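The structure presented is a predicted model; accordingly, all values stated were derived computationally and were not measured. Positions are given from 1, in the same order as the sequence printed here.
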Amino acid sequence: LLEGGGAEAGGVSLAPDEFELTARARPGHEVAEAGDLLVALDTHLTPELQAEGLAREVAHRLQGLRKTAGLEVSDRVDASIDGAPTLVAQLIPHRDWLAAEILAVTLELGGDTDLGRSAAVEEAALPEGGLRLSLRRA
């Protein structure tokens, strides 16, 4: 693009009203424009982003279980998550965040995670597999 809004292509100079500049997204990107502003976003989901999204989904579902069990928002809980090993493995790096988010005194991931007398249990069917979420007042 040239000063004044024109363009030069192949040795030919074009005035601003002689061409139209359009933006197209490459695969894995989204493009939006408004006036003189153009934004392109990489929409590729890395494994890290997918794991973070899963952790947020699990936190949301556990907060729903808290409500189902009649617990107060400020109540401390014991929680357990078991199910598809690949999903449980994705939650391990987010364990501390997840525990803080749901006010968990204990948060068991995978293996033998039976809480005994759980106040609420959910079998969460996710596209990647299933998870069993349970919690009780600590």
Are any non-hydrogen side-chain atoms of [X] and [Y] less than 4.5 angstrom apart?
X: Ile81; Y: Leu98; result: yes
X: Gln63; Y: Ile102; result: yes
X: Leu71; Y: Val77; result: yes
X: Leu65; Y: Leu133; result: yes

If we ignore hydrogens and angles and just use 3.5 Å, is the side chain of [X] paired with the main-chain N or O of [Y] as donor and acceptor?
X: Arg137; Y: Arg76; result: no
X: Arg136; Y: Ala79; result: no
X: Arg66; Y: Asp75; result: yes

| Would His60 and Arg56 satisfy side chain to side chain contact (heavy atoms under 4.5 Å, CB included), going step by step from the backbone distance to the final call? | CA-CA 6 Å; His60 174 73; Arg56 290 180 182 280; over 6 Å; no
| Are more than 12 heavy atoms from other residues, nucleotides or ligands located less than 6.0 Å from atom CD of Glu72? | no
Give me the atom names and distance for the closest heavy-atom approach of [X] to [Y].
X: Ala84; Y: Gly129; result: CB-CA, 4.3 Å
X: Glu52; Y: His94; result: N-NE2, 3.6 Å
X: Ala25; Y: His29; result: CB-O, 3.3 Å
X: Arg61; Y: Ala124; result: NH1-CB, 3.5 Å
X: Ser80; Y: Ser134; result: OG-OG, 2.6 Å

| field | Stepwise side chain to side chain contact (heavy atoms under 4.5 Å, CB included) test for Leu14 and Glu8 | value | CA-CA 6 Å; Leu14 301 170; Glu8 187 173 314; over 6 Å; no
| Euclidean distance, Gln50 CD relative to Glu57 CD, rounded to 0.5 Å | 14.0 Å
| request: Drop me the distance from Leu87's CG to Leu109's CG, to the nearest 0.5 angstrom. | output: 11.5 Å
Is there a path of hydrophobic side-chain contacts, each under 4.5 Å between heavy atoms of I/L/V/M/F/W/Y residues, joining [Y] to [X]?
X: Trp97; Y: Val105; result: no
X: Leu126; Y: Leu135; result: yes
X: Leu107; Y: Val88; result: yes

| said: Under the salt bridge (charged side-chain N to carboxylate O under 4.0 Å, His left out) definition, can you give me all pairs with a residue in residues 90-103, not counting sequence neighbours? | reply: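 Every pair satisfying salt bridge (charged side-chain N to carboxylate O under 4.0 Å, His left out) with a residue in residues 90-103: there are none.
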| task | Kindly indicate, with the supporting measurements, whether the criterion side chain to side chain contact (heavy atoms under 4.5 Å, CB included) is fulfilled by Leu54 and Val58. | result | CA-CA 6 Å; Leu54 175 63; Val58 167; 4.1 Å; yes
Using atom types as modelled, flag every donor-acceptor pair under 3.5 Å from a side chain in residues 40-48 to any protein atom, sequence neighbours excluded.
unit_1	atom_1	unit_2	atom_2	d
Asp42	OD1	His44	N	2.9
Thr43	OG1	Gly28	O	2.9
Thr46	OG1	Glu48	OE1	3.4
Thr46	OG1	Leu49	N	3.1

